[in-house]
*Asks:* 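For reference, the structure I am asking about is given below.
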Number of protein chains: 2
Amino acid sequence: MSVPTQTVDKRVERSKAKVLAETYRQLVQSGIAGVSVDEVSRISGISKTTIYRHWPSRSALLIDACSRLGGTPVAPDTGSLRGDARALLSHLAHQLRTANWASVYPSIIDAAERDAELSTMQAALHKTFMAPFEAIIERAKAKGEVPRDHVTNDVVALLVGPFFFRRWFAKEGMDDCFIDAVVEAALR
Amino acid sequence: MSVPTQTVDKRVERSKAKVLAETYRQLVQSGIAGVSVDEVSRISGISKTTIYRHWPSRSALLIDACSRLGGTPVAPDTGSLRGDARALLSHLAHQLRTANWASVYPSIIDAAERDAELSTMQAALHKTFMAPFEAIIERAKAKGEVPRDHVTNDVVALLVGPFFFRRWFAKEGMDDCFIDAVVEAALR
DNA sequence: ACGAAACAGTACGGCACCGTACCGTTCTAT
DNA sequence: ATAGAACGGTACGGTGCCGTACTGTTTCGT
């Protein structure tokens, strides 16, 4: 009665976890280009031989580590679209200020510009990040709160775009006043 | 009657131009991490010795090359704020599709996240890029087309953010319909 | 208890890169 | 014309990195 196709060996899980944790740390600290297998091995205490036993290449390790950036998305339900949007954007603003992935994401975006595998990974990550926004808009459409001829992805861009812009390009803050301005503009 | 503090030697100007051109080419093709002094030397035909005679380090060369990304900004004057915004955004959408800097900019954004010098360079570049948008908004404020209590930078974020979002994050197109949606939302 | 699998340690080979030193040649400014 | 600057070519030292081979040890599953 063995577990079918899963990795069950405790040693494997422990090694993998340690390697991924250290890879993640270097990823956040130095970006994709700053992750080195030698250093991951040195600091995590897992020998390089073992690392290459679990991942075929540095690239595979990076993609594996990046894929774990997305947290479980939460879709609020305050009753009104504006309330939901404000909640989501407030959370997003806080994440952009504090969360680890905020400093890694530009690295991924840059790499996705030239690497096909990372590009598909980024697409999946993006989909995960945007899912809650799509959800509240679709729900509002069903309730008639948003005209059906509004393209969902356009509304998402109107809501999220300004925040990404502020965090990574303009490097300005995002206070409640800004959140309100974005919500009012996008959900006019 | 010598030129005061300028570099006048034709050889110097020629070498510098060749090196910068090749650096720019590699920058566009492979991003910041993909620029190597050895390869710039090999392809441009300018010896490495000469390169290091003009720039103290690879980093200095990169910053010099990146600084030249910004084109001369054009501020349209169609008579109405909406017209100006549509013109600027249409031009921006086209640039994001075709211009060279569109593929380099994520590299700069990523590097600016961790390198102080590149960060100030990016800030200057950003200011240059956003200047036309600020100009048309300030002008509209003066004409009473936009309430004075609207923060200019907020409006810029509402206008430009969605386009950057589409180009680099969502990787979707930006047609005229999208442009109109953004303009109507931001300048409500 | 025992066979098999995972592990650490180490040492490589190969590559790409940065930055410098040296030397002989070419070109510019005056 | 000539001094001096800029240049090309080459070679080198040092570093960091990726991925592999080999050897012995530990640990898991049964």
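Each chain gets a letter, A, B and so on, in the order the sequences are listed, and its residues count up from 1. Note that the structure is predicted; figures quoted are calculated from it, not measured. Side-chain atoms are counted along with the backbone in the values below, which use heavy atoms only and exclude waters and symmetry mates.
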*Asks:* Base, backbone or nothing for each nucleotide of nucleotides 7-16 of chain D, written B, S, -, heavy atoms under 4.0 angstrom, 5' to 3'?
*Replies:* BBBB------

*Asks:* Grab the CD1-P distance between Ile51(A) and dA6(C) for me, whole Å please.
*Replies:* 16 Å

*Asks:* In whole angstrom, give the distance that lies between atom OH of Tyr52(A) and atom P of dT10(C).
*Replies:* 19 Å

*Asks:* Classify the ring geometry of Phe164(B) against Tyr105(B): parallel below 30°, tilted from 30° to 60°, perpendicular beyond 60°.
*Replies:* perpendicular

*Asks:* Strictly under 6.0 Å, is that where the ring centroids of Phe169(A) and Trp168(B) end up?
*Replies:* yes

*Asks:* Do Phe129(A) and Trp101(A) have ring centres separated by under 6.0 Å?
*Replies:* yes

*Asks:* Measure the distance from CG on Asp38(B) to P on dC18(C) and round it to the nearest whole Å.
*Replies:* 6 Å

*Asks:* Looking at Phe165(B) versus Phe163(A), is the centre-to-centre ring distance below 6.0 Å?
*Replies:* no

*Asks:* Strictly distance-based, threshold 3.5 Å: is any side-chain N or O of Ser41(A) a donor or acceptor partner for the main-chain N or O of Ile46(A)?
*Replies:* yes

*Asks:* When all nucleic acid strands are considered with a 4.0 Å heavy-atom cut-off, which category describes Val40(A): base, sugar-phosphate, or nothing?
*Replies:* nothing

*Asks:* Hey, is Asp64(A) close enough to Arg68(A) for a salt bridge, meaning N to O under 4.0 Å?
*Replies:* yes

*Asks:* Let me know the distance between CD1 of Ile43(B) and P of dC17(C), rounded to the nearest Å.
*Replies:* 11 Å

